[in-house]
Amino acid sequence: MLSVVVLISGQGSNLQALLQACEQADYPAHVVAVGADRDAAGLQHAEERGIATFVVRYRDFAGRDEWGHALLTEVQRFQPGLVVLSGLMRLLPPEVVDALSPRLINTHPAYLPEFPGAHGVRDALAAGVERTGASIIVVDNGIDDGPVIAQERVPVLPGDTEDSLHERIKPVERRLLIQAVRDIATERIDLKEPAAR
Ligand code: GAR
């Protein structure tokens, strides 16, 4: 059974979907803790299931390196086999990436390498593309440029707003995330040598 720590900043809707998958008897992973960089609403999905939570507030530290060090200490208390960034809206400092990668994955609401960064949905809309997508990647020290382990296209529809497009991307992200975690647990995905799927 693969043990997973999930890190979030927001609503945690993708986290919620992963937690629901983990409740299926045949799912080969379980979430041992959920952490956040702020008092994220999504922590409630863990709390209501009796799963450990922790908050390492970015603003309580002198800088990114200090914050990252404290976050890493919390994550490592749970000795996870995988860490999932599921809407963590902070760049991790190199100490954290180097300690956890390649067993560190991120969900992103665009078809990477298109539209990396914090505003993947907004940037796709602004560029006027007809298709964007969702991606799951291994996190490295770049900005959303680690190896892609799963991705799928999502059409941009006439009249789409950032919210409507994001809400159409998220179900795809959830499906890809649940399958990717399953494939990592069953070693169908080798994180040391991931092949895009
Ligand atoms: C998700 O779409 C995730 O891909 C995105 O934040 C959303 C979190 O939603 N992450 C990024 O944009 C990272 N650059 P949720 O909190 O409802 O799961």
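The structure presented is a predicted model; accordingly, all values stated were derived computationally and were not measured. Atoms within each ligand, like the ligands themselves, are counted from 1 in listed order.
- Side chains of S9 and D37: a donor on one and an acceptor on the other come within 3.5 Å.
- Between T107 and ligand 1 there is a heavy-atom distance shorter than 4.0 Å.
- When the shell of 6.0 Å around NE2 of H30 is examined, it contains more than 12 heavy atoms from other residues, nucleotides or ligands.
- Contact annotation: the side chain of Y27 approaches that of I178 to within less than 4.5 Å [non-hydrogen atoms, C-beta and beyond].
- When each atom of ligand 1 is checked for a heavy atom of H108 under 4.0 Å away, the hits are 4 (O), 14 (N).
- At least one heavy atom of G117 lies less than 4.0 angstrom from ligand 1.
- Checked against a 3.5 angstrom limit, the closest N/O atoms of H166 and ligand 1 fall inside it.
- The closest approach between M89 and ligand 1 falls below 4.0 Å for a heavy atom of the residue.
- Protein heavy atom in closest approach to atom 12 (O) of ligand 1: P109 CD, 3.4 Å.
- A donor-acceptor pair under 3.5 Å is absent between the side-chain atoms of S3 and the main chain of V32, judged by distance alone.
- Residue N14 has at least one nitrogen or oxygen atom sitting less than 3.5 Å from a nitrogen or oxygen atom of ligand 1, judged on distance alone.
- For the pair D160 and R168, the salt-bridge criterion is met [side-chain N within less than 4.0 Å of a carboxylate O].
- A donor-acceptor pair is defined here as one N or O able to donate and one able to accept, closer than 3.5 Å; such a pair exists between the side chain of W67 and the backbone of V56.
- Side-chain N or O atoms of R182 include none that pairs as donor or acceptor with a backbone N or O of P28 at under 3.5 Å.
- The closest approach between any non-hydrogen atom of G120 and ligand 1 is not below 4.0 Å.
- For ligand 1, the polar-atom distance check against K170 finds a nitrogen or oxygen pair separated by under 3.5 Å.
- Among all non-hydrogen protein atoms, the one lying nearest atom 4 (O) of ligand 1 is E173 OE1, 2.4 Å.
- Between the side chain of T161 and the backbone N or O of S164, at least one donor-acceptor pair lies under 3.5 Å.
- The shortest N/O to N/O separation between L15 and ligand 1 does not fall below 3.5 Å.
- Looking at K170 and E173, no side-chain N of the basic residue comes within less than 4.0 Å of a carboxylate O on the acidic one, giving no salt bridge.
- Of the protein's non-hydrogen atoms, the one nearest atom 6 (O) of ligand 1 is G87 CA, 3.7 Å.
- In terms of protein heavy-atom proximity, atom 17 (O) of ligand 1 is closest to S13 OG, 2.6 Å.
- Of the protein's heavy atoms, G12 N, 2.8 Å lies nearest to atom 16 (O) of ligand 1.
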